[in-house]
Q: 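Pasting a structure here, questions to come.
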Amino acid sequence: MVIHGPNLNMLGKREPDIYGTTTLEEVNRRLKNLGDGLNLEVETFQSNHEGRIVDKIQEAAGTCGTVIINPAAYTHTSIAIRDALLATDMTVIEVHLSNIYKREAFRKKSMITDIAVGQICGFGVQVYYLALEAAAKILKCAISS
Ligand code: DQA
């Protein structure tokens, strides 16, 4: 499961100097293609609403082993998303297009990092593809152990 938080539907148009020019549709399409190659079923979801993201995490918990999440601005504020992730057995991989440690002070704090297996940030849309490869490795290890 790949979850994109608020304003990521604007990817490609939104602050392209920071977030790049690739659209979310292109990212999702590439993730599904990469997933086919890795033998992973990839579902993608975007919402601008905190509660909808919580609902999706709860829903995914029954069927998905791993969640790749870019909580966007909710990264820095959402105890609800943190708690929803904690309530599941899913492995969490946190991603950010930008390097959140190189930006405003308020972006340095994440509610998710300490409950994630890892965080990838700063490489633009590549962060999603790198996270999918990490997810494939983690799931493969879980199956073979
Ligand atoms: C972001 C970083 C957040 O601070 C910001 O609010 C976003 C996007 C990123 O992908 O770099 O919306 O998560």
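All ligand and atom numbering here is 1-based and tracks the order in the structure.
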Q: Salt bridge check, Glu59 against Lys56: does any charged N sit closer than 4.0 Å to a carboxylate O?
A: yes
Q: Polar pairs, ligand 1 vs protein, N/O only, below 3.5 Å.
A:
from     : atom 1 : to     : atom 2 : distance (Å)
ligand 1 : 4 (O)  : His76  : NE2    : 2.7
ligand 1 : 4 (O)  : Arg107 : NH1    : 2.9
ligand 1 : 6 (O)  : Ala73  : N      : 3.2
ligand 1 : 6 (O)  : Arg107 : NH1    : 3.1
ligand 1 : 10 (O) : Asn70  : ND2    : 2.9
ligand 1 : 10 (O) : Leu97  : N      : 2.8
ligand 1 : 11 (O) : Leu97  : N      : 3.3
ligand 1 : 11 (O) : Ser98  : N      : 2.9
ligand 1 : 11 (O) : Ser98  : OG     : 2.6
ligand 1 : 12 (O) : Arg14  : NH1    : 3.2
ligand 1 : 12 (O) : Arg14  : NH2    : 2.8
ligand 1 : 13 (O) : Asn70  : OD1    : 2.8
ligand 1 : 13 (O) : His96  : ND1    : 2.8

Q: Quick check: do Ile57 and Leu85 have side-chain heavy atoms less than 4.5 Å from each other?
A: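 Yes, at least one pair of side-chain atoms sits under 4.5 Å.
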Q: What residues form a side chain to side chain contact (heavy atoms under 4.5 Å, CB included) with Glu15, not counting sequence neighbours?
A: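 By the side chain to side chain contact (heavy atoms under 4.5 Å, CB included) rule, Glu15 matches Asp17, Ile18, Tyr19.
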Q: Restricting to side chain to side chain contact (heavy atoms under 4.5 Å, CB included), what partner residues turn up for Asn33, sequence neighbours left out?
A: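 Side chain to side chain contact (heavy atoms under 4.5 Å, CB included) list for Asn33, sorted by chain: Asp36.
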Q: Using a 4.5 Å cut-off between side-chain heavy atoms of Ile, Leu, Val, Met, Phe, Trp and Tyr, which other residues end up in the same hydrophobic cluster as Phe106?
A: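 Its cluster partners, ordered by chain and number, are none at all.
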Q: At their closest point, which heavy atom of Gly65 faces which heavy atom of Leu139, and how far apart are they?
A: CA-CD2, 4.3 Å
